[in-house]
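The figures that follow rest on heavy atoms only: side chains count, while hydrogens, waters and symmetry mates do not. If you're wondering where the values come from, they're calculated on a predicted model, not measured in any experiment. In what follows, every chain begins at residue 1, and chains take the letters A, B, ... in the order their sequences are listed.
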Amino acid sequence: MPELPEVETVRRTLAPAMNAKITAVRSSGKPLHMRRPVPIVAIREALVGHRIVGLRRIGKYLLVDIGRDSALLVHLGMSGRFRLVNARAEEAPHTHVVLALDRGRELRFSDPRRFGQVELVRRGQEREHPALADIGPDALEDEITGGYLFEQARRRKVSLKSFLLDQSVLAGVGNIYASEALWRAKLRPARRANRLDAASANTLAAAVRRVLDDSLTHGGTSLKDFVDADGNEGENADYLQVYDRAGEPCPRCRTKIRRSVIQGRATYACPTCQSR
DNA sequence: ATCACGACCTGGAGGC
DNA sequence: TGCCTCCAGGTCGTGA
């Protein structure tokens, strides 16, 4: 579900929760275990009575700044949802963590597959958390230039597809947008990163930015689970050029899009015009 | 150090 | 209808 555009869309749609006071914290009951245990007692002790003072994103992670020195670290995994709702709204299945807010609202985290993550970090020291320690520059930041990608790619033997998925190289690209960016740049997903030339690196940097910007404009991609904090789906699935479109004609050259598997992940590409 | 692969989970889709 | 297999937006630990 959630790559940079989806997480950023959630972040933006959470804006009405700014300055809200946390009045209670509750969980589904049994000891919570997602990718890591959720320290619900510590979360409650640190957050109740304090206000939401910031909403940040680091790669695919959300940080909800609360009170003077805490932040809630949230990752949506594959199927996670983070929603701002009326407290009287019916609770979705697999709702694991609920922050009750003032004015009758609640922030609810639900995640059927439990690949997500909810933890407490100390504000200012969030980078010490192992999940954030190795996250590279954000994929939408200006420092993601052709020169930067070229320099990073030079030292790696992995495929370009895997290279783009490496969050320590650039943060925010996931499986959908890796395929989309490589299509836009006319690059073969299986090509070794260290074979990338400087001109192609420029093209790739521009393609990554364009693909993510476009998706953000459309509110993200909802293939299955993704909704924003208000429960609305994103429209970007309608604009995907190759992802999940095996057998359909390439929008550029009409060759049939082919699905392959690279490092265990579905990869979509045009065998004709992605030849470099 | 780098890389490929399987594990972690639930639920939906499709085949028979 | 039911049961089976496969697949899914991510990340991490293991072993080569």
| said: Stem list for DNA chain C, please, built from Watson-Crick and G-U wobble pairs under 3.5 Å and keeping only runs of at least 3. | reply: B:2-8 with C:10-16, B:10-16 with C:2-8
Under-3.5 Å N/O pairs linking protein and nucleotides 11-14 of chain C:
| residue | atom | partner | partner atom | Å |
| --- | --- | --- | --- | --- |
| dT11(C) | OP1 | H75(A) | NE2 | 2.7 |
| dT11(C) | OP2 | K60(A) | NZ | 3.0 |
| dT11(C) | O3' | R35(A) | NH2 | 2.9 |
| dC12(C) | OP1 | R35(A) | NH2 | 3.4 |

| task | Identify, residue by residue, the members of residues 211-218 of chain A with a heavy atom below 4.0 Å from DNA chain B, and return them in order of residue number, or none. | result | none
| query | Just how far, in rounded Å, is P of dA4(B) from NZ of K157(A)? | reply | 10 Å
| note | Only residue of L99(A), L72(A), V38(A), L76(A) satisfying side-chain contact (heavy atoms from CB on, under 4.5 Å) with F109(A) is L76(A)
| task | Using atom CZ of R155(A) as one end and atom C1' of dC3(B) as the other, report the distance to the nearest whole Å. | result | 15 Å
Could I get a table of every N or O pair under 3.5 Å where one atom is in the protein and the other is in nucleotides 10-12 of chain B?
| residue | atom | partner | partner atom | Å |
| --- | --- | --- | --- | --- |
| dT10(B) | OP1 | R114(A) | NH2 | 2.9 |
| dT10(B) | O4' | P112(A) | O | 3.4 |
| dT10(B) | O3' | H94(A) | NE2 | 3.3 |
| dG11(B) | OP1 | H94(A) | NE2 | 2.7 |
| dG12(B) | O4' | K224(A) | NZ | 3.4 |

| field | Atom-to-atom span, CD1 of I262(A) to P of dC3(B) - whole angstrom | value | 14 Å
| query | Counting distance only, does the side-chain N/O of T203(A) pair as donor-acceptor with the main-chain N or O of A185(A) below 3.5 Å? | reply | no
| message | Can you measure F115(A) atom CZ to dA7(B) atom C1' for me and round it to whole angstrom units? | response | 8 Å
| request: Flag the pair D166(A) and R156(A) as a salt bridge only when some basic side-chain nitrogen lies within less than 4.0 angstrom of an acidic carboxylate oxygen. | output: yes
| task | Round to the nearest Å and state the distance from Y243(A) atom OH to dG10(C) atom C1'. | result | 11 Å
| message | Assess whether a salt bridge exists between R51(A) and D102(A), defined as any Lys/Arg side-chain N lying under 4.0 Å from an Asp/Glu carboxylate O. | response | yes
| task | Give G174(A) one of three labels, base, sugar-phosphate or nothing, depending on what nucleic acid heavy atoms sit under 4.0 Å from its own. | result | sugar-phosphate
| Rounding to a whole Å, what distance do you find between K161(A):NZ and dC3(B):P? | 16 Å
| Got a sec, which residues hit side-chain hydrogen bond (donor to acceptor under 3.5 Å, both in side chains) with R108(A), two or more places apart in sequence or on another chain? | E106(A)
| said: Quick one: does any side-chain atom of R188(A) pair with a main-chain N or O of Q274(A) as donor and acceptor, under 3.5 Å? | reply: no
| Counting any heavy atom closer than 4.0 Å, what does S162(A) reach on the DNA or RNA strands: base, sugar-phosphate only, or nothing? | nothing
| Between R12(A) and D230(A), is the closest basic N to carboxylate O distance under 4.0 Å? | no
| field | Interatomic distance, I58(A) atom CD1 to L132(A) atom CG [nearest 0.5 angstrom] | value | 5.0 Å
| Rounded interatomic separation in angstrom, taking CD1 from I58(A) and P from dG10(C) | 18 Å
| query | Quick one: Q263(A) CD to dA4(B) P, roughly how many Å, whole number? | reply | 4 Å
| ring pair (Phe, Tyr, Trp, His ring centres under 6.0 Å) contacts in which one or both residues fall within residues 146-203 of chain A, not counting sequence neighbours | none
| salt_bridge(R184(A), E180(A)) N-O dist < 4.0 Å | no
